[in-house]
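The block underneath contains the structure these notes are about, expressed in structure tokens.
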Amino acid sequence: MLAAGLASCVQQIPRTFSSDIEKIQHIVVIYAENRSFDNLYGLFPGANGLANATPVQYTQVDNDGKPLSHLPPVWKGKDPDPAFPRDLPNRPFRIDAPPVNLPLSVATRDLVHKFYQNQEQIDGGRLDRYVAASDAGGLTMGYYDGSQLPLWKWAQEYTLADNFFTGAFGGSYLNHFWLICACTPVDRDAAANLRAQLDGPFLKRKPESPGSAIDGAPVFALDGDVTPDGWSVNTTQPPYQPSRIPPAKGGDPRLADVSKHPLPPQTAKTIGDTLSAKGISWAWYGGAWNLALQDGMQDSAAPRKVIYTNANGAPYFVAHHQPFNYFARFAPGTADRIAHIKDYTDLVAGIDRGELPQVALYKPQGILNEHPGYTDVLSGDIHIAELVARIKASPLWSSTAIIVTYDENGGFWDHVRPPAGDRWGPGPRIPTLIISPYARRHYVDHTQYDTTSILKFITRRFALEPLLGARAQMGDLTGAFDFSQ
């Protein structure tokens, strides 16, 4: 058996013919949250990791473009967080080692991860404004030794893609759309106070914004959720329940109150549409979906126990992580909604019966998705690894390909510049694991991919009509497979 680092260096000629890929009868996509590649896998043997990062790539500049003498504090509100030193060197640092020493089981604060801030951080590929555009100070340069994570062991056994980028700049909301439709949602009638104010390509700062990143996080004039020309790029709530926007008092309990401006129902073509058109079975599984749906269909006067709370151990359901709930085709009462939007309990029951749809997409609930701020890394990693093991132990394993990836980088720095793309992305590099009896073993795949590569893989396997937004320069994941096994 070859070691992980050695196997990744061996030249392996891809062997993927139509008859080969048809051995895969089930594709399972597991979509975790908010980690850059370097943040979790920067120390992975054989990968393009932190050992390859140069001072040019990691040295952060201040608002004036000059290198910082040291990293700013990690901000806790407007004050430095005492859990972190105030003068860390201007370079990447271990979160789980001295002098910080916060293990993978402890949540850090959240970091800004939005459309315009992300582009400023990337700074044309210089990657030097992650600190200057962040609200979390030096934390953006933090990383872990991920070798203690259960998924790391799966990556060693199968394939880890180390050149895989987010479909879009920014946050979870937009990247969930790119996962299912390779598209950016529209909000043409958004009010002026929802549209970002720009200074060139980046957000306009207020005059009182700190002159130096050492003194505090930037303050923007209008950090809107909609572009000036009407594209919805930052978190906006679904028009249907479950939504963070309650139903209107006396209105349809299945809908969000339109006076609070949820996203208008979307009509773009999704991967679900193309699968259904070909008669391919599929489903989206949301952790805590059933509980959240029941909780959401109450008016604003009623307590909401599930939506956006993890108090007292309640499930933490994140409504903007459920992209099909934004589309008119999957509106409440439609046959497509009933057929294709399911709960995590349905996924587990299907695995145990050996009866999954041909394409299954799973979104863990908030406390199990690895998102900074409201959960830690370890609990979600354990959850996903246990789900992978459950599939491997089921009758489904022999015909299944599992893709474990992250929606976006969560505001954490990565040393590899995103490739040239379009207005929307690609964004920063993220970890992606391909696990299957047909996946290359002990392999690091250096092929260039992004989130739309998942759509391309599904499209190729089931001979579907391509989605327009899938980028031609990105691979279709077949390089991660060896069907001669």
Check: T270 main-chain N/O paired with D273 side-chain donor or acceptor under 3.5 Å: yes
Axial cation check for W231 ring with R195, 6.0 Å and 45° limits: no
Main-chain N/O of A133 paired with Q121 side-chain donor or acceptor, under 3.5 Å: no
Polar side chain donor-acceptor pair, S147 to D145, under 3.5 angstrom: yes
Centroid-centroid under 6.0 Å between Y406 and F164 rings: no
K392 atom NZ, neighbour heavy-atom count above 12 within 6.0 Å: yes
Side chain Q57, main chain H415, donor-acceptor under 3.5 Å: yes
From CA spacing to verdict: ring pair (Phe, Tyr, Trp, His ring centres under 6.0 Å), F483, Y438: CA-CA 6 Å; F483 290 102; Y438 301 110; 5.5 Å; yes
Exam field: side chain N39 to backbone G142, donor-acceptor pair closer than 3.5 Å: yes
Whether over 12 other heavy atoms sit under 6.0 Å from R337 CZ: yes
Mutual orientation of the aromatic rings belonging to H340 and W282 [parallel < 30°, tilted 30-60°, perpendicular > 60°]: parallel
D162 and H446 side chains, donor-acceptor separation under 3.5 Å: yes
Check: D352 side chain, A349 main-chain N or O, donor-acceptor pair, under 3.5 Å: no
Sole residue of N48, L160, L50, V416 in side-chain contact (heavy atoms from CB on, under 4.5 Å) with F37: L160
Option from Y344, Y31, Y285 for which ring-ring contact (aromatic ring centres under 6.0 Å, His included) with Y362 holds: Y344
Check: D450 side chain, G167 main-chain N or O, donor-acceptor pair, under 3.5 Å: no
Check: I24 main-chain N/O paired with R461 side-chain donor or acceptor under 3.5 Å: yes
Heavy-atom donor-acceptor pair, Q60 side chain to Y58 backbone, under 3.5 Å: yes
Ring centre gap for F457 and Y449 strictly below 6.0 Å: no
Polar side-chain atom of T452 near backbone of L455 as donor-acceptor pair, under 3.5 Å: no
Candidate list E22, K23, H26, Q358, test side-chain contact (heavy atoms from CB on, under 4.5 Å), partner S399, passing option: H26
P372 backbone acceptor or donor facing T108 side chain under 3.5 Å: no
D189, CG: over 12 other non-hydrogen atoms inside 6.0 angstrom: no
Whether Y41 and F44 hold their rings parallel, tilted or perpendicular, with breakpoints at 30° and 60°: tilted
D225/Y173 under side-chain contact (heavy atoms from CB on, under 4.5 Å): CA gap, chis, key distance, verdict: CA-CA 10 Å; D225 296 328; Y173 166 79; over 6 Å; no
Charged tip of R440 within 45° of Y158 ring normal and under 6.0 Å: no
